[in-house]
Asker: 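Okay, handing you the structure first.
Computed from a predicted structure; not experimentally measured. Basis for what follows: all heavy atoms, side chains included, without hydrogens, waters or symmetry-related copies.
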Amino acid sequence: MRHLIYIIILTTVTFITITSSCKPVTQHHDKSGSSDSCYTLEAAMSIYDKEPDKALAILDSAVIVGNTDPATADIMRARIFTASCEARNLDSAQRLCEKLIELKTIKHDEANYFNVLEQLVDIALKRQDDEQLLHWGRQLLALCHERGDTVEALRTRAEIGLALYHLGNREDGMEILDQAIYQLGEVNKFNHLDAYIIASKRKINALNEDRNFAGVIPLAKGIIHHLADYEAHPEGYNDYSYRMPTDATQRNKYIEFYRAQAYSYIAYASARVGNKQDSRRFTALFEQSDLGHTYIGRMMIAPTWFELRETDKMLAIYDEAKRVMGSDTINDEYALMLRCLAITAHERGNFDLSQQYWTRETRLNQQITRQKLTSKAHIYAARFHAKEQQLALQRSQAKFCWLWLLACSCLTIALLTGGFAYYFFKQRRIVNEKNRVLIEQIAWTIESNVKYLKAQEATQANQETNKQTEADSAWLQQLDNEQLFQFLSHEIIQN
């Protein structure tokens, strides 16, 4: 029994050791400090577009003091990284979002799940990664249908339509874009208007790539028409959506920005179809806007000046672009600039300079293509590495489960063995006690029977002796004196 107790104790200790050593490590954050109202999500997101580094520092502090949980902070970090178009920041944002999308806590929180999917779609759009845009866009579209959010569903369908167009499915892509634009244009609410403008811009991009410039003009005029209606009836468009401008100043900036973009679309398309008069008119309207006075606006209108053969204005803009870009010249804008400069130099008879520009443009396009392919290769490698880590974690969890089951099985077997042994020894002791009592009873019974038999034999012997004595006494009484004398003499002689 002592050995059995030792075995049970040893098994229990082994079980505790295995489970404690295989348990996954959980990091605990120290939240002992008092909460600081400066370190909040609102504070970080209010400055992220102007001071992203400071916003990231505020997010880190917010997690430390306990004002937000790590998952929500990661969502905001991804949003800050996504706001930048730099490849390095987009890589960081994508890694964060792909890590978050696998968390059960994110999937079970509809709002956070929507935010992460929306950012993944935005990242794919900025990377011009149509495959990923299609992949995440379809998941976001399914979630929009589950939530019953028609406007966001149509907005997402427009992104999917552009991705399909780029992937070669042009007819389906255009059909999806047309449906989204039509349905969004039917409702005069701000969220519908904003989605309508985005969907129209996506189709304009597709039409420009397809050199269907005549189709661009009605789309851009449709944007101007809806913005004018919004400007005239702002109260009617109020739907309290989070994208809606909060005051008249922001509303005017919103209208002015997208109206100026529409002017630039019409100006360029009109120039390409040969309508120089309309092109110059809308170019003048664009230059009067706030956007037209910015560097981004001047870069936007430069191709129009090229089509109008206003080469001096174009060259002035591109000289400014060279100073602003500096060494950051590996982009599509710089390639377009080299192309325009090459054609301009050729038209002016400077063929050597034109050839130099063409050579640089060809090499730059090749470099951009290689960079995009390398970037995609790095993304796929990162996904493969993340998948490997996920599989390693799953193997670790499976091993932990197996060891847990093994420890539970060992403990169960030990407890069953101990219970069986205890029951066996207890029953054996009971049986032995019963056997001892039975043996004593049997011995007592045998002893009693022997005594009884001996008593009976003694009684029978006494009875036979008495009978013999009585018989002898009766026989002696029958003898006369002479016979009695002879008998006695014989007995005396014999003895």
Asker: State, yes or no, whether a side-chain contact exists between Phe81 and Leu56 at a heavy-atom distance under 4.5 Å.
Answerer: yes
Asker: Hey, are the side chains of Leu120 and Gln132 touching, using non-hydrogen atoms and a 4.5 Å cut-off?
Answerer: no
Asker: Identify, with sequence neighbours excluded, every residue that meets side chain to side chain donor-acceptor pair (under 3.5 Å) alongside Asp319.
Answerer: none
Asker: Do the non-hydrogen side-chain atoms of Gln119 and Ile75 ever get within less than 4.5 Å of each other?
Answerer: yes
Asker: Is there a donor-acceptor contact under 3.5 Å from the side chain of Ser354 to the main chain of Ala345?
Answerer: no
Asker: Roughly how far, to the nearest 0.5 Å, is the CD1 atom of Ile266 from the CG atom of Asn275?
Answerer: 11.0 Å
Asker: Can you confirm whether more than 12 heavy atoms, excluding those of Lys253, are under 6.0 Å from its NZ atom?
Answerer: no
Asker: For residues Tyr357 and Ile343, determine if any side-chain heavy atom of one lies less than 4.5 Å from a side-chain heavy atom of the other.
Answerer: no
Asker: Under a 4.5 Å cut-off applied to non-hydrogen side-chain atoms, are Lys221 and Pro218 in contact?
Answerer: no
Asker: Go through the steps to decide whether Glu98 and Gln94 satisfy the test side chain to side chain contact (heavy atoms under 4.5 Å, CB included), and finish with yes or no.
Answerer: CA-CA 6 Å; Glu98 289 181 348; Gln94 184 158 351; 3.1 Å; yes
Asker: State the CG-CD1 distance between Asn112 and Ile106, to the nearest 0.5 angstrom.
Answerer: 4.5 Å
Asker: Starting from the C-alpha separation in whole Å, work towards a yes-or-no answer on side chain to side chain contact (heavy atoms under 4.5 Å, CB included) for Asp172 and Glu175.
Answerer: CA-CA 5 Å; Asp172 290 343; Glu175 183 179 355; 4.2 Å; yes
Asker: Would you give me the side-chain donor-acceptor pairs under 3.5 Å for residues 142-153, sequence neighbours excluded?
Answerer:
{"unit_1": "Asp149", "atom_1": "OD1", "unit_2": "Glu152", "atom_2": "N", "d": "3.3"}
{"unit_1": "Glu152", "atom_1": "OE2", "unit_2": "Arg243", "atom_2": "NH1", "d": "2.5"}

Asker: Counting only N and O atoms by type, is there a donor-acceptor contact under 3.5 Å from the side chain of Asn252 to the main-chain atoms of Ala248?
Answerer: yes
Asker: Could you please spell out the steps behind the side chain to side chain contact (heavy atoms under 4.5 Å, CB included) verdict for Glu361 and Leu341?
Answerer: CA-CA 10 Å; Glu361 191 260 352; Leu341 290 174; over 6 Å; no
Asker: For Gln179 and Gln183, does a side-chain donor sit closer than 3.5 Å to a side-chain acceptor?
Answerer: no
Asker: If I compare all heavy atoms of Ala335 with all of Asn365, which pair ends up nearest, and what's the gap?
Answerer: CB-OD1, 3.4 Å
Asker: Could I get the full list of side chain to side chain contact (heavy atoms under 4.5 Å, CB included) partners for Arg170, not counting sequence neighbours?
Answerer: Tyr165, Asp210
Asker: Can you name the closest pair of heavy atoms from Phe306 and Cys340 and give their distance?
Answerer: CE1-O, 3.6 Å
Asker: Show me the donor-acceptor pairs within less than 3.5 Å that the side chains of residues 191-200 make with the rest of the protein, sequence neighbours left out.
Answerer:
{"unit_1": "Asn191", "atom_1": "OD1", "unit_2": "Arg155", "atom_2": "NH2", "d": "3.3"}
{"unit_1": "Asp194", "atom_1": "OD1", "unit_2": "Tyr254", "atom_2": "OH", "d": "2.7"}
{"unit_1": "Asp194", "atom_1": "OD2", "unit_2": "Arg155", "atom_2": "NH1", "d": "2.9"}
{"unit_1": "Asp194", "atom_1": "OD2", "unit_2": "Arg155", "atom_2": "NH2", "d": "3.1"}
{"unit_1": "Ser200", "atom_1": "OG", "unit_2": "Tyr196", "atom_2": "O", "d": "2.9"}

Asker: Using salt bridge (Lys or Arg N to Asp or Glu O under 4.0 Å) as the criterion, list what pairs up with Asp247, not counting sequence neighbours.
Answerer: none
Asker: Under a 4.5 Å cut-off applied to non-hydrogen side-chain atoms, are Met174 and Leu207 in contact?
Answerer: yes
Asker: Where do Arg259 and Leu227 come nearest, in terms of heavy atoms and distance?
Answerer: N-CD1, 3.4 Å
Asker: How would you list, by chain and number, every residue that makes a side chain to side chain donor-acceptor pair (under 3.5 Å) with Asn205, sequence neighbours excluded?
Answerer: none
Asker: Of all heavy-atom pairs between Met337 and Ala321, which one has the smallest distance, and what is that distance?
Answerer: SD-CB, 4.0 Å
Asker: Does CD belonging to Glu171 count more than 12 external heavy atoms closer than 6.0 Å?
Answerer: no
Asker: Could you state the interatomic distance from CG (Leu140) to CH2 (Trp136), rounded to the nearest 0.5 Å?
Answerer: 11.0 Å
Asker: With salt bridge (charged side-chain N to carboxylate O under 4.0 Å, His left out) as the rule and sequence neighbours excluded, what pairs involving residues 342-357 come up?
Answerer: Arg309-Glu347, Asp312-Arg348
Asker: Once you round to the nearest 0.5 Å, how far does OG1 of Thr344 lie from CZ of Arg339?
Answerer: 10.0 Å
Asker: Looking at residues at least two apart in the chain, or sitting in another chain, which of them share a ring pair (Phe, Tyr, Trp, His ring centres under 6.0 Å) with Phe351?
Answerer: His346
Asker: For Ala206 versus Leu162, what's the shortest heavy-atom pair and its separation?
Answerer: CB-CD1, 4.1 Å
Asker: In chain order, what residues pass the side chain to side chain donor-acceptor pair (under 3.5 Å) check against Ser241, with sequence neighbours excluded?
Answerer: Asp239
Asker: Atom CZ of Arg79 and atom CG of Leu96: how far apart are they, to the nearest 0.5 Å?
Answerer: 13.0 Å
Asker: Listed by chain and number, what are the ring pair (Phe, Tyr, Trp, His ring centres under 6.0 Å) partners of Tyr230, not counting sequence neighbours?
Answerer: Phe190, Tyr237
Asker: Among pairs that include at least one residue of residues 282-305, which meet side-chain hydrogen bond (donor to acceptor under 3.5 Å, both in side chains), considering only residues two or more places apart or in two chains?
Answerer: Arg298-Glu320
Asker: Less than 4.0 Å between a side-chain N and a carboxylate O, is that true for Asp178 and Lys203?
Answerer: yes
Asker: So which atom in Cys97 and which in Ala78 form the shortest heavy-atom distance, rounded to 0.1 Å?
Answerer: SG-CB, 3.5 Å
Asker: Check whether any side-chain heavy atom of Tyr258 sits under 4.5 Å from a side-chain heavy atom of Lys201, and report yes or no.
Answerer: yes
Asker: Could you check whether His135 and Glu131, counting side-chain N and O atoms only, form a donor-acceptor pair closer than 3.5 Å?
Answerer: no
Asker: I want to check something: taking the side chain as every heavy atom from C-beta on, are Ile176 and Leu164 in contact at a cut-off of under 4.5 Å?
Answerer: yes
Asker: Could you give me the CA-CA distance, side-chain angles and deciding distance for Tyr268 and Ser264, then say whether side chain to side chain contact (heavy atoms under 4.5 Å, CB included) is met?
Answerer: CA-CA 6 Å; Tyr268 182 74; Ser264 70; over 6 Å; no
Asker: A quick test of your reading: do over 12 heavy atoms of other residues, nucleotides or ligands sit less than 6.0 Å from CD1 of Ile296?
Answerer: no
Asker: Applying side chain to side chain donor-acceptor pair (under 3.5 Å), name anything that partners Arg280, two or more places apart in sequence or on another chain.
Answerer: Glu310
Asker: Does the pair Glu231 and Arg251 meet the rule for a salt bridge (charged side-chain N to carboxylate O under 4.0 Å, His left out), with working shown?
Answerer: CA-CA 8 Å; Glu231 187 176 28; Arg251 182 174 65 247; over 6 Å; no
Asker: Could you state the interatomic distance from OG1 (Thr72) to CZ (Arg77), rounded to the nearest 0.5 Å?
Answerer: 10.5 Å
Asker: Taking atom CD of Gln277 as the centre, does the number of heavy atoms from other residues, nucleotides or ligands within less than 6.0 Å exceed 12?
Answerer: no
